[in-house]
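One structure is given below, encoded as structure tokens.
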Number of protein chains: 2
Amino acid sequence: MADTEYRDPSGKRLADYPHPSVAVDTAVMTVVDGELSVLQICDAVDDDWRLPGTFVHEGERLADSVLRSLREKAGVEGLAPRQLHVFDDPSRDSRGWVLSVAHLDVVPAAALTIDPGRARLVAVAASGAMVHAHDDILEYAVAQLREDHRERPDPHGLLAEPFTMTELRRLHEVVLGVELQPDTFRRAMVGRLVVAEGKRAEGPGKPAGLYRRG
Amino acid sequence: MADTEYRDPSGKRLADYPHPSVAVDTAVMTVVDGELSVLQICDAVDDDWRLPGTFVHEGERLADSVLRSLREKAGVEGLAPRQLHVFDDPSRDSRGWVLSVAHLDVVPAAALTIDPGRARLVAVAASGAMVHAHDDILEYAVAQLREDHRERPDPHGLLAEPFTMTELRRLHEVVLGVELQPDTFRRAMVGRLVVAEGKRAEGPGKPAGLYRRG
DNA sequence: TCAATAGTGTCTATGAGACACTATTAA
DNA sequence: TTAATAGTGTCTCATAGACACTATTGA
């Protein structure tokens with residue numbers, strides 16, 4: 001793949017330039033126990049909590065680096081990593097010149113099997129400071145997640161289908177961090193959903209209709 | 001800055017990992033002659049038109065790499081580069097494993113002095129294919145630019161202050177690629193502008209009031 | 001005066017929000 | 001029946017869009 005004969009106008013080969021280390025760091029987000037939560041791992045070196053990440057391997061796509069880091073560092077199978085931002089402050093990482101490409105991956109809690117020795121899920125509201133400015137990454141991730149949930153119903157498939165309108169609303173309330181009017185929410189979302197068979201009753205009260213994502 | 005003693009859990013130093021080349025490629029956008037336009041340079045190697053870019057120098061911030069590449073490759077003084085996306089397809093660049101961090105920089109035409117031997121401004125609508133999938137970068141840039149112009153008046157300062165409401169509307173029409181209703185546009189924007197002194201008449205007709213960005 | 005451009009009054013359609021009402025179940 | 005939850009009818013208010021009107025200039 002690499003054309004080792006390539007030389008730039010000044011005669012230098014690609015390998016003659018100094019190269020940064022390129023890492024991916026990922027905010028794996030989910031909703032569990034009515035809380036918007038993020039996956040943290042315990043850093044083997046610093047014994048600090050941080051977001052899972054890894055250096056990019058040769059010829060690897062960034063999304064594949066993300067999925068590999070989640071498997072190796074947290075024993076978690078990721079889904080669809082999405083680029084957020086490149087953090088490029090040269091003093092950001094004490095190990096040297098590292099560019100970190102922040103990612104967001106949203107995974108239903110049901111698909112996350114957490115090994116307590118390696119990883120934990122922490123509510124975003126309660127998540128303390130992490131190393132290497134990983135809090136900044138979390139901020140980007142939450143902002144992106146909220147943006148996604150403002151228009152579309154359950155855009156990342158956090159709910160098991162079929163789901164009730166109330167379940168969908170509670171999900172959006174948790175992600176957005178605000179209470180939503182049931183009637184307004186229903187009218188905004190019903191056109192973007194498909195009706196599913198059957199009803200579901202949670203305790204007393206009229207059974208709720210069921211929906212699937214469009 | 002670099003801690004050369006750092007070793008990861010498997011005993012490898014940072015430098016022992018293979019490293020990608022990291023480049024920045026920038027869509028410098030402006031509006032000239034009523035056209036949304038992009039700066040292209042003529043590639044010295046391939047003799048193809050492309051977006052200006054460079055490899056990132058050691059310890060350099062990405063935004064500084066962008067500004068340097070614009071100075072060196074196009075003789076242009078950039079303003080405020082903004083990250084768009086990392087293009088990471090390993091086969092994207094024939095020279096080898098290159099990650100390209102796409103940027104957008106919006107510069108008023110008045111601040112762009114184009115050396116015809118090195119660079120040119122091309123209307124986006126008429127811009128043909130560029131090398132290394134630089135067309136993808138342009139798509140991201142245009143989408144971002146339109147997003148910015150949907151809410152805020154002249155968000156990147158393309159107009160010289162003070163300006164008339166009609167000048168502002170024509171700018172937004174060019175960027176968004178649609179015609180806008182003068183009255184609706186005025187009412188949407190007037191609250192986000194500050195009134196400036198004086199009037200300006202362009203030919204016959206009532207002289208227009210002047211505004212500045214908030 | 002007329003032509004041309006700037007700016008406003010106002011009607012209408014749309015949609016968000018709020019509230020009250022109806023609907024359907026368990027106990 | 002009552003309590004609880006689901007879902008709808010409808011009023012109000014804010015806003016976008018459209019259109020017509022007024023305002024102010026040069027020729």
Among [options], which nucleotide has an atom closest to any side-chain atom of [X]?
X        : options                : value
A/Lys206 : D/dT5, C/dG7, C/dT25   : D/dT5
B/Arg186 : C/dG7, D/dA4, D/dA18   : C/dG7
B/Pro207 : D/dT25, D/dG9, D/dC19  : D/dT25
A/Pro204 : D/dA18, C/dA18, C/dA26 : C/dA26

| request: Would you mind telling me which residue lines up with the more 5' stretch of DNA chain C, B/Thr164 or A/Gly205, judged by nearest nucleotide? | output: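 Its nearest nucleotide being more 5', the pick is B/Thr164.
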Which whole-number value in Å describes the distance from [X] [atom1] to [N] [atom2]?
X        : N      : atom1 : atom2 : answer
B/Arg169 : C/dT5  : CZ    : P     : 11 Å
A/Asp183 : D/dT5  : CG    : P     : 16 Å
B/Glu202 : D/dA27 : CD    : P     : 13 Å

- request: Answer yes when A/Arg92 and A/Asp136 have at least one side-chain N-carboxylate O distance shorter than 4.0 Å, and no when they do not.
  value: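 No, no charged N to carboxylate O under 4.0 Å.
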task = May I ask you to say whether B/Asp93 pairs ionically with B/Arg95, meaning some side-chain N is under 4.0 Å from a carboxylate O?
result =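 Salt bridge flag = yes for B/Arg95 with B/Asp93.
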Quick check on the helix from C/dT1-D/dA27 to C/dA27-D/dT1: what's the angle between its two end axes, five base pairs per end, to the nearest 10°?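 End axes: 10° apart.
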Determine whether the side chains of A/Asp105 and A/Thr26 contain a donor N or O and an acceptor N or O closer than 3.5 Å.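 Checked: A/Asp105/A/Thr26 side chains show no N/O donor-acceptor pair below 3.5 Å.
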Distance-only donor-acceptor check, side chains B/Ser21 and A/His19, under 3.5 Å
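Checked: B/Ser21/A/His19 side chains pair up, N/O donor to acceptor below 3.5 Å.
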Tell me whether the OP1 or OP2 atom of [N] has a side-chain N or O from [X] closer than 4.0 Å.
X        : N      : result
B/Thr166 : C/dA6  : yes
B/Gln181 : D/dG17 : no
B/Thr184 : D/dA18 : no

Within the 4.5 Å heavy-atom criterion, are A/Leu168 and A/Asp154 side-chain neighbours or not?
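The answer is yes; the side chains approach within 4.5 Å.
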Which residues share a salt bridge (Lys or Arg N to Asp or Glu O under 4.0 Å) with A/Glu173, sequence neighbours left out: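 With sequence neighbours excluded, A/Glu173 shows a salt bridge (Lys or Arg N to Asp or Glu O under 4.0 Å) to A/Arg169, given in chain and number order.
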